Amino acid sequence: MTPKTFPFSFEEVQSLARQTPTPFYIYDGAGILRQHKALTDAFTWCPDFRNYFAVKATPNPAILELLHTVGSGVDCSSMAELVLAERAGFRGEEIFFTSNDTPAEEFRKAAKLGAILNFDDITHIEFAKQAIGRLPELACCRLNPGKLKEGNAIIGKPEEAKYGFTPAQLFDGYRLLKENGVKRFGLHTMVASNERKAEYFVETARIVFELVAEISEKVGIEFEFVDLGGGIGIPYRPEDDGVDLSVVGNGIREAMDEMLVKRGFRAPRICFECGRFITGPCGYLVSRVLHVKDTWKKYIGMDACMANLMRPALYGAYHHITVLGKENESCTECCDVTGSLCENNDKFAIDRLLPKLERGDWLVFHDAGAHGHAMGFNYNGKLRSAEWLVLPNGKPSLIRRAETLDDLFATLVPPVRVRPEPKPGTTH
Ligand SMILES: *Cc1c(COP(=O)(O)O)cnc(C)c1O
């Protein structure tokens, strides 16, 4: 059980709504730091444990800067993410570059920043060398365990995933890295997404440690770190339990002792690249009811749509809803909560029991902090919303203004100009 509470008052939300139009996002900075600490606390046994926050989850430099203050790294997978990480002050090995189908200029940018390069395929090693000139001293390869590991609903079966080397290919991969002067090595895998079973991560670690042992012996190298990827799940539903991180931490420690340390191998540093676990529970989408419609079903039409939060439409994902000011009313109305896109799957919830709603009511969608705003899009000309970060000292800070029609049309040739510009405080 995970009770769903909203950490801000109705007055605070209304005050933000006077400055930026609804819908908008609010992130709880103190909550983000608590999530980061919960993860690192599970690995206090591991010197230099690091989470490289997956930038794609919440690509806003203010949030990256906040995480930087507590020693987080960043995981980037594109040029834009590398630039955001750089802008947020991350340097060198604080940046992990896990990409696939990688363009040459992204390898160049990552190398210039001194990021840890994580190769997705053996052919990328020569490709990156051509792009950069020479390979850096530290490099990593991404394992796709194939049938060694079962997948889950979001990420699918590993053997059908486009990512990574097969276990057999890794041996040649590390030989090639060694021949090219690489001196320090890591091994990476990412096989889960939104997984809440602690044992899943321990099993993955065991697969990786076995390969670390075999490759170390056969290729004659030592591993400095293993990166177990992201994918630690969160309880989206009130009846869900979160991942027991002490089981993850202790299980990985035992596996490392048994499979590596006792057999005389160096203990690699453990890393993760969690995005969702860090920011997911700490972000909220605030939206107001535009229309209440009674036809074959009851429809609550919001001023937000799936362009603001795509997960329900994309994965059928559950996002808990709090109605501000009606928290204690009984949920007697069975509703579909919709947006205004010309797409019938533009729904935040289907057959959800909610209090009796009327035009102007304020809904908060929980657990939208990761892969929420980030997955937004402009279909039907929908504008991307503003984002607020409530800093750990309680002060709200605007970290992205709302997009305007002028922003949306800026790339048209010839440009389309909208005058006058939408005033702050008007709903779009
Ligand atoms: C998406 C992704 C992550 C983050 O996943 P979460 O589910 O947000 O923890 C980490 N690493 C890689 C390579 C990814 O693609």
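Counting starts at 1 for both ligands and their atoms, in listed order. All values reported here derive from a predicted model rather than from experimental measurement.
A cation-pi arrangement is present between Arg142 and Tyr163, with the terminal nitrogen or guanidinium carbon under 6.0 Å from the aromatic centre and inside a 45° cone about the axis. Both the sub-6.0 Å distance and the 45° axial angle are satisfied by Arg352 relative to the ring of Tyr318.
Note on ring orientation: taking the six-membered ring where Trp is involved, the planes of Trp362 and Phe10 are perpendicular (angle over 60°, cut-offs 30° and 60°). Relative ring orientation between Phe107 and His124 is described as perpendicular, the plane-to-plane angle rising above 60° on a 0-90° scale split at 30° and 60°.
Protein residues lining ligand 1, listed by chain and number: Ala54, Lys56, Asp75, Thr98, Arg142, Met190, Gly230, Gly231, Glu273, Cys274, Gly275, Arg276, His371 [non-hydrogen atoms, distance under 4.0 Å].
Glu273 and Thr98 form a side-chain donor-acceptor contact under 3.5 Å, judged by distance and modelled atom types alone.
Note: His319 and Tyr236 meet the aromatic proximity criterion, with ring centroids under 6.0 Å apart.
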